Amino acid sequence: MSELLFSLSHTVLATANAHEGLSLMKILMIVVPSALLWAAPLVFTSLGGVFSERSGVVNIGLEGLMVIGAFSAIVFNLTFVDTFGSATPWVALLVAMVAGALFSILHAVAAITFRADHTVSGVAINLLAVGLTMFLVKLIYNKGETDIIKQGFSKIDIPILKDIPVLGKIFFQNTYWTSFVAIFVAFIAWYVIYKTPFGLRLRSVGEHPMAADTMGINVTKMRYLGVIISGALGGIGGGVYAQSISSNFNHATISGQGFMALAAMIFGKWHPLGAMGAALFFGFAQSISIIGSSLPFLSNIPNVYLFIAPYVLTILALTGFIGRAEAPKADGVHYIKGSR
Amino acid sequence: MSKRLINLLTPIFAVLLGIILGTIIMLVSGYNPVDAFIALGQGAFGDVYQTGEVVRQVTPYILAGLAVAFAFRVGLFNIGVEGQFIVGWLAAVWVGVTFELPTIIHIPLAILAAMLAGGLWAFIPGLLKARFRVHEVIVTIMMNYIALHVVNYIVNTKMNQGSSKTGKIHETASLRSEWLSNLTTGSSIHWGIIIAIICCFIMWFLLEKTTRGFELRAVGFNQDAAHYAGMSVNKNIILSMVISGCFAGIAGAMEGLGTFGYMAVQGGFTGVGFNGIAVALLGGNTAIGVFFAALLFGILKIGALSMPLAGVPKELVDIIIALIVFFVAASYMIRIVLERFSKKGVK
């Protein structure tokens, strides 16, 4: 992927030279913060996917979990903005996290305890999230969408880092805290999954639940935790999206971000840092497809290529053209005690 | 209690549980459920116009349900019906707009194009599954988004006749009929329902009465056993995805040639493909089950449009449908309860 980014930046460089006025520096100062902005929700949600699938529960309900997160963050933000002032979006993010975690229990109960097909249960979660939140929006606001929040995440310059020459201007000015929190959380997730006993247990129930059970690990408990963590992270992802990009909630607020996060998780080979890298790249593709028309060298390329890039790349990654992506062995497999 | 009876009772219990929970949600939110259900009933059966609309809505649901069910029977989860549906819609409209032919050729040609498009869109995940063992769920999800963006691009740039829509299809390709429309006081009902019912028969016949169908089901039951018996697992996997995609493509043709007569840029998914999953599950993946499940969801969806008259948001029906899917998925729970009861009965 780094090669791809490298060649992309080369094209940018070559074409930027051809156009006077927009220097490479200026272009990067537009593109990089925008990419980070779009990537943040994807990073959080794809990490959620990693936790769930590493424990062996397929979670295509990520989309629905983001919907729940976006909805609860916006409603909380609108209701309590006077109480919490400028801290509102952060508190709303915690609310979104809790809401996502609670909602994901439904998926856990169906997929783990009642042995539902994980994919079907995920579909139900997605349908239910949209139906329930739109029902509540109409119940609370008496119209098809919420008002626009007054206090969202706002653009900031990161202290100290912003003064680094060149890099500071590109990466740390006019940006959002949430993007950096997302990257930080990805490293925490990597540490938790690969360096702690909890992570080892989580991975073991996803690879070989019977072996894990024999060693005294509670398979059901670990899988419930995996799903609930994914719900919490998916909720945060939705909350970040709603409060930094859409600024309100309606039926189309979350339209495919959850599935793109799923794609990022697979493209990142079920690894937290891989998922983060893929999410950053998909965020980059999304932001380019949106702001591309304002960049002279991109306005001639149909943005459909950028729209479909994440999905095409994911298929290629699964097929093995870009290093084969292998799911955890027991991903989507029910563990029924005593059966071989 | 026999296994057959439990199989029949499970979806019925799922529907009942969905409606009961929906009622509870209405009560908690301070709505009157009786008024809401009366409004829903009148919205679906109040007069012939609404019945016509229900039939129109049921048509793509049947076909999308068949598409999901067919793949399920071969052990594959085609979650990409939505994408195959969209490309089928576009292909049918393209034939409808581009050619001028007599009706007897034009309609079959347009439907054939839709089948080809849907089949091709499903062929890719089928091939990847057979050749590289890539899980079809992920590939079909990705193919959905690729379909959405590519189709929007084509409609916007190649076929745009103003306001992000294609031109109207020629009369000769239309499934609409004056007679049907007048019969239902101007509803958007069209002949597609006949095609949908024929497709139900085709699916039943293909799976239950032909050697190929036997092979397909055998692969669905146990791939290793099918392989051992000398059947080509890979060929059957690809074939089942393609047939499934063909059904989905026809569903798209119903919208293109019947309901709308054109294709517009889609802001998001239509939901037909995802409702097809619900239909197939509730219908137990059989042709007859799909027919009745599609009927139920069509009634719910069209009836829901009248629920705001009773002050209840129409999204309540989406909640009920989601809950039904949820309970069918978690049918293990319902089975346990049913089996407990039957054991007590024996004692």
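Everything quoted here is computed from the prediction, not taken from an experiment. The sequence lines fix the lettering, A, B, ..., with proteins before strands; numbering per chain opens at 1.
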Polar side-chain atom of Ser46(A) near backbone of Leu42(A) as donor-acceptor pair, under 3.5 Å | yes
Non-hydrogen atoms of chain B under 4.5 Å away: do they reach the side chain of Val120(A), the backbone, both or neither?
-> both
Using non-hydrogen atoms only, which part of Ile79(B) is less than 4.5 Å away from chain A: side chain, backbone, both, or neither?
-> side chain
Tyr311(A) vs Tyr145(B) aromatic rings, parallel, tilted or perpendicular, using cut-offs 30° and 60°?
-> parallel
Most contact-rich option vs chain A, by heavy-atom pairs under 4.5 angstrom, among Val325(B), Ile319(B), Leu128(B), Asp318(B), is Ile319(B)
Distance-only criterion, 3.5 Å: show the donor-acceptor pairs between side-chain atoms of residues 12-31 of chain B and protein atoms not counting sequence neighbours.
from, atom 1, to, atom 2, distance (Å)
Thr23(B), OG1, Ile19(B), O, 2.7
Ser29(B), OG, Ile25(B), O, 2.6

Can you tell me if Asn78(B) and Thr140(B) form a side-chain donor-acceptor pair at under 3.5 Å?
-> no
Val150(B) portion near chain A, given a 4.5 angstrom heavy-atom threshold = both
Between Asn126(A), Ile60(A), Leu127(A), Ile308(A), the one whose heavy-atom pairs under 4.5 Å with chain B are most numerous | Ile308(A)
Is any residue of residues 101-113 of chain A within less than 4.5 Å of chain B by heavy atoms, and which ones?
-> Leu106(A), Ala110(A), Thr113(A)
Hey, could you give me the OG1/CZ distance between Thr253(A) and Phe71(A), rounded to the nearest 0.5 Å?
-> 11.0 Å
What part of Leu281(B) is in contact with chain A, defined as an atom under 4.5 angstrom from a non-hydrogen atom: side chain, backbone, both or neither?
-> side chain
Are side-chain N/O atoms of Trp38(A) and Gln286(A) paired as donor and acceptor at under 3.5 Å?
-> no
Any donor and acceptor pair, going by atom type alone, linking the side chain of Ser55(A) with main-chain N or O of Gly206(A) inside 3.5 Å?
-> no
Check whether Ala252(A) gets within reach of chain B through its side chain, its backbone, both or neither, counting any heavy atom under 4.5 Å.
-> neither
Measure the spacing between NE2 of His118(A) and CD of Glu53(A) and express it to the nearest 0.5 Å.
-> 10.0 Å
Sort Phe326(B) into side chain, backbone, both or neither according to what part of it lies under 4.5 angstrom from a heavy atom of chain A.
-> both
Kindly say whether the aromatic ring centers of Tyr61(B) and Phe297(B) come within a distance under 6.0 Å.
-> no
Contact part of Thr119(A) toward chain B, heavy-atom cut-off under 4.5 Å: side chain, backbone, both or neither?
-> both
For Asn59(A) and Ser230(A), does a side-chain donor sit closer than 3.5 Å to a side-chain acceptor?
-> yes
Tell me yes or no: between the side chains of Thr270(B) and Glu82(B), is some donor less than 3.5 Å from an acceptor?
-> yes
Contact class of Ile141(B) relative to chain A, heavy atoms under 4.5 angstrom | side chain
